[in-house]
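No hydrogens, no waters, no symmetry mates; every other heavy atom, side chains included, goes into these values. Just so you know, ligand 1 is whichever comes first in the structure, and atom 1 is the first atom listed for that ligand.
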Amino acid sequence: MRLILLGAPGAGKGTQAEKIVERWHTAHISTGDILRENVKGGTELGKKAKGYMDSGKLVPDDLIVAMMEGRLKEPDCASGFILDGFPRTKGQAEALKELLGRMGLHLDGVVLLDVPDDVVVQRLCGRRCCRGCGKIYNVSFKPSSKGDHCEVCGGELFQRDDDKEAVIRQRLSVYHEQTAPLVEYYEAEGLLCRFDGTLAGDGIINAIAERFEGHE
Ligand code: AP5
Ligand code: ZN
């Protein structure tokens, strides 16, 4: 299975990716997670990316494409992958198409998670992430039964630096300007599948599974 998860910040890409990986055991590639690890580790890429991320802007395409080219060639991608947060510009989509063509691979589909902007702002203000395993929680919609620690690994829950209202609004406006045009792009490629990103519980993953059953 090779899927792209497309949607605004806070649409639930990371949340659905966790569920898809549980069902289909594919590699989960989140460009946001890779970038945050690089920032934390103080790498050259991390130093270049930090300013863009803190202000809610996109990291330049050349850095992202080089990073993804290496990642997609790693052995765990051989049996499939979920791309979470990539591509995010037309330039990245074209680079991905070219790269997959060279590797002789095709995409099964592009999952668009549709969520209104006001819901996104509410969700992101309440999001908490685990420092240990990365699991995603929400103080209103999905609290941890262990309070401010993770149910899975006991790690401390924290709020991302870019989950402040002003930065969230900037990320949303960048999404509408630079990433939303990919909806049309993938529609024209015949790959786009829309899902209602506001469904609760397993509603979204069940709809995705129904659509892509048999693609594993
Ligand atoms: P990234 O980490 O990719 O952030 P994002 O796209 O803004 O997406 P989020 O992680 O904020 O949201 P999500 O859709 O995964 O939602 P989640 O499942 O957590 O990118 C961060 C930054 O890195 C970018 O701003 C940019 O600078 C840089 N970057 C990354 N990729 C790049 C690229 N390709 N090119 C250039 N720059 C790049 O859910 C959100 C909350 O809602 C959670 O609390 C969750 O519990 C809750 N929730 C989820 N689903 C539901 C539901 N159905 N009902 C109720 N609550 C829900
Ligand atoms: Zn954890």
Chemist: Would you check ligand 1 and list the protein residues that come within less than 4.0 Å of it by any heavy atom, ordered by chain and number?
Modeler: Ala8, Pro9, Gly10, Ala11, Gly12, Lys13, Gly14, Thr15, Thr31, Gly32, Leu35, Arg36, Met53, Lys57, Leu58, Val59, Ile64, Gly85, Phe86, Arg88, Gln92, Arg123, Leu124, Arg127, Ile136, Tyr137, Asn138, Phe141, Arg160, Asp162, Arg171, Gly197, Leu199, Ile204
Chemist: Once rounded to 10 degrees, what value does the angle at the Zn ion (ligand 2) take between SG (Cys150) and SG (Cys153)?
Modeler: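 Value, to the nearest 10 degrees: 110°.
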Chemist: Restricting to non-hydrogen atoms, name the atom on Ala93 and the atom on Pro87 that form the minimum distance, rounded to 0.1 Å.
Modeler: N-CB, 3.5 Å
Chemist: Checking His28 against Asp33 for the side-chain hydrogen bond (donor to acceptor under 3.5 Å, both in side chains) test, could you report, in this order, the C-alpha distance in whole Å, the side-chain angles of both residues, the deciding distance, and whether it holds?
Modeler: CA-CA 10 Å; His28 172 201; Asp33 287 349; 5.0 Å; no
Chemist: Main chain of Val139, side chain of Lys142: is a donor-acceptor contact present, judged purely on distance under 3.5 Å?
Modeler: no
Chemist: Answer yes or no: is there a side-chain heavy-atom contact under 4.5 Å between Lys50 and Asp54?
Modeler: yes
Chemist: Using the six-membered ring of Tyr137, assess whether NZ or CZ of Arg128 lies under 6.0 Å from its centre and within 45 degrees of the ring axis.
Modeler: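 That pair does not qualify as a cation-pi contact.
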Chemist: Tell me, yes or no, whether the heavy-atom count around Tyr52 atom OH, taken from other residues, nucleotides or ligands under 6.0 Å, exceeds 12.
Modeler: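 Counting neighbours around OH of Tyr52, 12 or fewer heavy atoms of other residues, nucleotides or ligands fall under 6.0 Å, so no.
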